[in-house]
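Beneath this line is the structure, given in C-alpha cells, with notes to follow.
All residue numbers refer to positions in the sequence shown, counting from 1.
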Amino acid sequence: MSDPSDEALLAAHLRGDPHAFGSLVTRHERRVYGLCLRILGNREDAEDATQEAFLAALRKAASFRQAAAFTTWLYRVAVNAATDQARRRGRARLTLLDPEDVGLAADPGGDPGELVATAVTVQAALAQVPEEFRVAVVLCDLYRVPYAEAAQILEIPVGTVKSRVFRGRLALAERLEGGGAQASGPSTLKVVGSAGIEELSRASEPKEADRPRQE
C-alpha cells in the first residue's frame with residue numbers, strides 16, 4: 001500500500017488526526033531546512049526558520065487550497081519564514097557548513113574534501129547575492145523547481161522569476177570570481193546544491209523548461 005499523499009495527510013489533520021501533521025513534518029523537514037539554510041547561510045537561523053515555517057503551516061493549514069501542490073504551498077511558507085528571519089537579524093551570519101548540510105551526493109571519483117570546500121565557498125558567495133535573486137537561484141537552480149512553480153511560490157510573474165534567476169547567476173559569478181566577472185562571454189560555474197553538483201550557466205537568458213523536482 002502506498003503512502004498517503006501530502007494533500008491526504010493535510011486533510012486528515014484538518015479532520016482531527018493527531019499524527020497526520022507530524023507525518024508531513026517528518027516527510028518534508030529536511031527539504032525545508034535545506035531551503036532555509038541556503039537562503040540564510042547559517043544553521044541556527046535555518047533551524048529557527050524551519051521551526052517557524054512548520055508552525056506557520058500548522059496555523060494556516062485550513063487556508064490550503066489544492067489549486068497548487070502542497071509542496072508549492074509549503075515552500076512559499078518556508079521562503080517567507082526564511083526571509084522574515086533574515087530581515088530580523090539584519091545581516092548575514094555565515095557559519096561553516098557540515099558535509100551533511102551541503103547535501104553532497106555520493107561521488108566515488110571525486111575528492112570529498114574538495115567538494116565540501118567548494119560548497120562552503122559557494123554558500124559564502126551566495127549569501128552576498130541580493131535576497132530576491134538569491135531566493136530565485138536557490139529555488140530554480142539548486143532545488144530544480146520549474147519557473148512556473150517558483151512564480152507561484154514567490155507570487156510573482158514567471159518572467160520576473162527568469163529575470164531574478166539570471167541576475168542571481170551573474171551576481172553569484174561575480175562574487176565567486178572576486179568581482180572580476182563580466183556580463184558577456186561564456187562561463188559555467190559548478191555549484192554544490194541539495195542534490196550534489198549543479199551547473200549554473202550565465203551565458204544566456206534562461207529558457208522555460210520542464211525540470212523535475214527532486215523530493
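- The CG atom of Asp45 sits 9.0 Å away from the CZ atom of Arg88 when rounded to the nearest 0.5 Å.
- For the pair Tyr33 (side chain) and Ala46 (backbone), a donor-acceptor distance under 3.5 Å is absent.
- In this structure, Gln85 contributes its side chain and Asp48 its backbone to no donor-acceptor pair below 3.5 Å.
- In this structure, the side chain of Arg134 engages the main chain of Val129 through a donor-acceptor pair within 3.5 Å.
- When the side chains of ILVMFWY residues are joined at heavy-atom separations under 4.5 Å, either directly or via intervening members, Leu9 and Val32 end up in a single hydrophobic cluster.
- Cluster annotation: Ile153 is not connected to Phe64 through the hydrophobic network of ILVMFWY side chains, with a link wherever side-chain heavy atoms come within less than 4.5 Å.
- When all heavy atoms of Tyr143 and Leu35 are compared, the pair lying nearest together is OH-N, 2.8 Å.
- Here Glu44 contributes atom CD and Leu37 contributes atom CG; the two are 12.5 Å apart, rounded to the nearest 0.5 Å.
- Arg65 places a side-chain N or O within donor-acceptor distance of the main-chain N or O of Ala62, the cut-off being under 3.5 Å.
- Residues Ala53 and Val77 come closest through the heavy atom pair O-CG1, 3.3 Å.
- Cluster membership check: Phe133 shares its hydrophobic cluster with Val158, using side-chain heavy-atom separations under 4.5 Å among Ile, Leu, Val, Met, Phe, Trp and Tyr.
- Between Arg164 and Ala136, the shortest heavy-atom distance links the atoms CB-CB, 3.7 Å.
- Taking hydrophobic clusters as Ile, Leu, Val, Met, Phe, Trp and Tyr residues chained together by side-chain heavy-atom distances below 4.5 Å, Val135 shares a cluster with Leu172.
- Judged by distance alone, with hydrogens and angles left aside, the side-chain atoms of Thr160 form no donor-acceptor pair with the main-chain N or O of Ile156 at under 3.5 Å.
- Here His28 and Phe54 keep their ring centres 6.0 angstrom or further from each other.
- Between Ser5 and Arg27 the shortest heavy-atom distance is C-NH1, 3.6 Å.
- Heavy-atom minimum distance, Ala49 versus Cys36: CB-SG, 3.8 Å.
- Results of the side-chain contact (heavy atoms from CB on, under 4.5 Å) test with Leu24 over Leu58, Asp6, Leu74 single out Asp6 as the only residue that passes.
- Residues forming a salt bridge (Lys or Arg N to Asp or Glu O under 4.0 Å) with Glu131 (at least two apart in sequence, or on another chain): Arg87.
- Taken from OH in Tyr75 to CD in Glu149, the straight-line distance is 8.0 Å, to the nearest 0.5 Å.
- The local environment of CD in Gln51 is sparse, with at most 12 non-hydrogen atoms from other residues, nucleotides or ligands closer than 6.0 Å.
- Here Leu40 contributes atom CG and Glu47 contributes atom CD; the two are 11.0 Å apart, rounded to the nearest 0.5 Å.
- A heavy-atom distance below 4.5 Å is found between the side chains of Leu126 and Val138.
- Rounded to the nearest 0.5 angstrom, Leu142 CG and Leu139 CG are separated by 9.0 Å.
- At distances below 3.5 Å, at least one donor-acceptor pair connects side-chain atoms of Arg76 with backbone N or O atoms of Gln152.
- When all heavy atoms of Lys60 and Ser63 are compared, the pair lying nearest together is O-OG, 2.6 Å.
- Side-chain atoms of Thr72 never come within 3.5 Å of backbone atoms of Ala68 as a donor-acceptor pair (strictly under, hydrogens ignored).
- The closest donor-acceptor contact from the side chain of Arg175 to the backbone of Ala171 lies under 3.5 Å.
- Considering CG of Leu14 and CZ of Phe21, their distance stands at 9.5 Å, rounded to 0.5 Å.
- Although no hydrogens or angles enter the test, the distance criterion places no donor-acceptor pair under 3.5 Å between the side chain of Asp17 and the main chain of His13.
- You'll find the side chain of Val165 reaches within 4.5 Å of the side chain of Tyr147, heavy atoms only.
- In this structure a side-chain-to-backbone donor-acceptor pair under 3.5 Å is missing from Ser163 to Gly159.
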